[in-house]
Amino acid sequence: MYKYKDTKINLIKGDITKLEIDAIVNAANNSLLGGGGVDGAIHRAGGGEILKECKEIGGCPTGEARITTAGKMPSKKVIHTVGPIYKDGKQNEEEFLYNAYFNSLKLAVKNKLKTIAFPSISTGVYGYPKNEASSIAIKAVIDFIDRYGEIDEVIFVAFSQEDYDLYYKKLNKNI
Ligand code: ADP
């Protein structure tokens, strides 16, 4: 457990769909119509209501975020954000990934959600190198707290031991 200013920052290993928290973040794609990885897990666990709302929203540009119900999951809301597909690091991937985290936090605060959990966005099928991606994730959260505060707890959810160890090292160094 870490603390930065008034915000608790936590790291856990496990399945984000099981968390009883205000908002879980989905690493979605531009269509918002579901996919594999964490996206598939969220739609499966939450049920059809999420997909129905996503269809009504009609998609989401890379780096932005949209909000829906969490359906049958224990969290209150799902914030769907779209990280970049990693190509060569020269297609503004860093900025898009940073914005995905930052805009998810903005949307949480706008909806009066105080606790939020993030998966490691873009590091699965989208191929973002995990080391860089974890630094960007932590930086975006720290910058958001510096600029806005207003969030009680941020949880980084690692799905693998490798991700857990990476975040553990980085959080110890930076916070
Ligand atoms: P992207 O398309 O943005 O790369 P993925 O879903 O393929 O998204 O992967 C993003 C990260 O989410 C990966 O680190 C993957 O291991 C992780 N992940 C997959 N399922 C879950 C889950 N149920 N809970 C938390 N993280 C998950």
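Atoms within a ligand are numbered from 1 in the order they appear, just like the ligands themselves.
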D143/K139 ion pair, N-O < 4.0 Å: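 Yes, D143 and K139 are salt-bridged.
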Hey, is D146 close enough to K5 for a salt bridge, meaning N to O under 4.0 Å?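 Looking at K5 together with D146, the answer is yes, because their closest N to O distance falls below 4.0 Å.
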With a 4.0 Å heavy-atom cut-off (strictly under), which part of D163 contacts ligand 1: side chain, backbone, both or neither?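 Side chain only.
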Among all protein heavy atoms, pick out the one at the shortest distance from [atom]; state its residue, atom name and that distance to 0.1 Å.
atom: atom 24 (N) of ligand 1; value: I16 N, 3.0 Å
atom: atom 11 (C) of ligand 1; value: S120 O, 3.2 Å
atom: atom 6 (O) of ligand 1; value: V38 N, 2.8 Å
atom: atom 4 (O) of ligand 1; value: G124 N, 2.8 Å
atom: atom 7 (O) of ligand 1; value: V125 N, 2.9 Å
atom: atom 13 (C) of ligand 1; value: T123 OG1, 3.7 Å
atom: atom 17 (C) of ligand 1; value: F159 CB, 3.8 Å
atom: atom 8 (O) of ligand 1; value: A27 CB, 3.9 Å

S122 to ligand 1, any heavy atom closer than 4.0 Å: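 Contact check S122 vs ligand 1: positive.
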4.0 Å heavy-atom contact, A158 with ligand 1: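 No, A158 has no heavy atom closer than 4.0 Å to ligand 1.
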Side-chain donor/acceptor of [X] to backbone N/O of [Y], under 3.5 Å:
X: E53; Y: T69; value: yes
X: D22; Y: K114; value: yes
X: T7; Y: D152; value: no
X: N29; Y: G34; value: yes
X: E93; Y: D88; value: yes

Quick one: which ligand 1 atoms are inside 4.0 Å of a heavy atom on [X]?
X: G14; value: 24 (N), 25 (C)
X: A41; value: 23 (N)
X: D15; value: 22 (C), 23 (N), 24 (N)

Between T62 and N30, does the side chain to side chain donor-acceptor pair (under 3.5 Å) criterion hold? Intermediate values first, please. CA-CA 7 Å; T62 307; N30 293 126; 3.2 Å; yes
With nothing but distance in play, are any N or O atoms of Y126 less than 3.5 Å from an N or O of ligand 1?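 Yes - when backbone and side-chain N and O of Y126 are compared with those of ligand 1, one distance drops under 3.5 Å.
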Apply side-chain contact (heavy atoms from CB on, under 4.5 Å) to Y86 and E94, showing your working. CA-CA 9 Å; Y86 190 88; E94 181 170 349; over 6 Å; no
Kindly give the cluster partners of I21, where membership spreads through any ILVMFWY side chain lying under 4.5 Å from a current member.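 Joined to I21, directly or through intermediates: I12, I16, L19, I24, V38, I42, I50, M73, V78, I155, V157.
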